[in-house]
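Numbering of residues begins at 1 and proceeds along the displayed sequence. Note that the coordinates shown come from a computational prediction; the quantities given were computed from them, not determined experimentally.
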Amino acid sequence: MKKIRIIRIVLLTLVIATATVSLGFLKTESNDFKLAKNLDIYFSLFRELNTFYVDGIDPDKLVQTSIDEMLKILDPYTVYYSEDDQGDFRFMTTGKYGGIGSLIRKTGDYVTLTQIYKGFPADKAGLKAGDKLKSIDGFSLKGLNADEVSDKLKGDPNTDISLVIEREGSDITRTLKRERIAVPPVPFSGMLDDEVGYIRFTNFTQNCSQDVRKALLTLKEEHGAKKIILDLRNNPGGLLTEAVEIVNLFVDAGQEVLSTRGKVDKFDVTYKTTRKPVDVEIPLVVMINRNSASASEIVAGAIQDLDRGIIVGQRSYGKGLVQISRPLSYNASLKVTTAKYYIPSGRCVQALDFTHRNEDGSVGMIPDSLISEFKTRNGRTVKDGGGIIPDYTVEIGQLSQVAAELYLRSYIFDYGTSYFWRNTSIDEPGVYSFPDSAYEDFRNFLKDRNFSYETGTEDAMDRLLDAAKREKYYESNRELFDNLKLQLEHKLENDLISFKNEIIQLLEDDIVGRYYYEEGSIKHNIKDDKQIEKAIEVLKNKAIYSSTLKGEAGSISINPLSSVTVKTNNFNESDISC
């Protein structure tokens, strides 16, 4: 009964508070009544469940589930964070957490370290990618998922943690001291040649603009950069105010970067640059792809609308929604979508329509009939409703089925672990080349593990055969079907030869990262990056650069290229920070 009283107090408080807010903003008595009525129904239902349900119930779990499911019908960015989730919320906004500085992934009964951040506790203790975590402070981790292990690895800075890891069949004990982990938003910056400086920028966390400013000044003042590439590919966004600061590095104070418009007038804000810029003249290319979202799109869109630089890559994700954080009772919080944002030309990049769902609950793209044209400062035509469209589009080919299977099923990673322990050093990033003899060893590695896979074509063929047999067409056309099946079967050895180059790119990326960390992987992959090649080409052709910004050159589409993007966010969705 004590739980019921507490829940009732909380819900009644919520009713009163919500009704008060509603009187100020909703201005309709009917909505106030509906809200109070449904909250009363919810409380009554909860009371009856607690009293009569055959088994015991977990109030925290039930309420958490009901909140999460309720918010799902709005948009994916409105999220409830319980008191236990506040660490994840702080990491999302600041990039900081107390932990050991690594990424982990569930593999079998345990989780495995997949990436080590340079200079943090895991690195200092000599932990390596491929180490299997077996226990923490004497507590067995067998059967726990990556989120559960991550929670145990995280904690207050300066607290000790004892780990038992398995490495190449042997158990090793390591004692670490947790630190405040701040994932660097600029994991790499450097010169691509004697003129072009490059900045890889991965997340809009608190004060990230200072890191970008520092990288930009270093490239200009210490290395003599005359042109700049700002790489926002796979950057999911983050703090809106930091996006304004990034734009301010390249444009004068007093320039509008974006405005927000929503239901509550007091949250409608126009954001302008306020500081002295670093350089308003240096030729600039901003690189984006389909995983560039939110604040990344603000930066790319503002640079495009103000005709300050050229956008190269692929159409961006299309997230034009703004969220704010609101505190709730008992140290919980709500990240809630309050507005859409509009960049200098007046366009909104939001691509998906969450307010008008299909009958099955899915959402659709903004239809072409509702897409409008806008003008940049120099009169170039740009469009809303579908992300940021680059001035120069470079499409990257998809991975082959065999390469994708090798990566996603951790064969690339497992071989990288074996390779690392058999080779004490490798050449520096950009120079290292995976040897042909090692590729033969990799093929034998796959044979020993009986690696096999089915292509999409083979799966479709199996379904065709099932349908033909069910509909009684197979027997009369047996030879035709069998010959077609034989022709469509893939040969693993042939695939390992045909797609050798992209498999080697994956192997090199994994291996270089083990010796030279994330910075080394980025530096190594630059040499084969066709999008960077196009960015350099645009920057170095003064006529194209100038005429594009003046609106005298149309958007040029490059034919699909044979190269692949070696590492994408999609490949790393299962890796958890700790």
Restricting to salt bridge (charged side-chain N to carboxylate O under 4.0 Å, His left out), what partner residues turn up for Arg315, sequence neighbours left out?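 Testing Arg315 for salt bridge (charged side-chain N to carboxylate O under 4.0 Å, His left out), a comparison that skips the adjacent residues, returns none.
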Set of salt bridge (charged side-chain N to carboxylate O under 4.0 Å, His left out) partners for Glu256, sequence neighbours left out: none
Salt-bridge criterion met for Arg200 and Asp231 (N-O under 4.0 Å):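 Yes, this pair counts.
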Does this structure show an ion pair linking Glu395 with Arg290, if we count only N-O contacts that are shorter than 4.0 Å?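 Yes.
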Applying the side chain to side chain contact (heavy atoms under 4.5 Å, CB included) criterion to Thr260, which one of Val322, Leu321, Thr338 satisfies it?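 The option that passes is Val322.
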With respect to Arg178, which candidate in Thr159, Leu153, Asn158 satisfies the side chain to side chain contact (heavy atoms under 4.5 Å, CB included) definition?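 That would be Thr159.
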If we ignore hydrogens and angles and just use 3.5 Å, is the side chain of Asn203 paired with the main-chain N or O of Thr205 as donor and acceptor? no
With no hydrogens and no angle check, is any side-chain donor or acceptor of Asp75 less than 3.5 Å from a backbone partner on Thr78? yes
So with a 6.0 Å cut-off around NZ of Lys272, is the heavy-atom count from everything else above 12? no
Arg275 atom CZ, neighbour heavy-atom count above 12 within 6.0 Å: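 No, because the 6.0 Å sphere around CZ of Arg275 holds 12 heavy atoms or fewer from other groups.
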Can you list every pair that meets ring pair (Phe, Tyr, Trp, His ring centres under 6.0 Å) and has a residue in residues 514-539, with sequence neighbours left out?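 Counting only pairs at least two positions apart or across chains, the ring pair (Phe, Tyr, Trp, His ring centres under 6.0 Å) contacts touching residues 514-539 are Phe420-Tyr515.
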Have Glu242 and Ser209 got a donor and an acceptor in their side chains that come within less than 3.5 Å? yes
We want to know whether Gln64 and Asp60 form a side-chain donor-acceptor pair, criterion being a heavy-atom distance below 3.5 angstrom. no
Atom pairs and distances, side-chain donor-acceptor, residues 214-222, under 3.5 Å, sequence neighbours left out:
residue	atom	partner	partner atom	Å
Thr218	OG1	Lys214	O	2.8
Lys220	NZ	Asp279	OD2	2.8

All side chain to side chain donor-acceptor pair (under 3.5 Å) counterparts of Thr202, not counting sequence neighbours: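 Result, side chain to side chain donor-acceptor pair (under 3.5 Å) vs Thr202: none returned.
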For Phe201, ring-ring contact (aromatic ring centres under 6.0 Å, His included) partners two or more places apart: Phe204
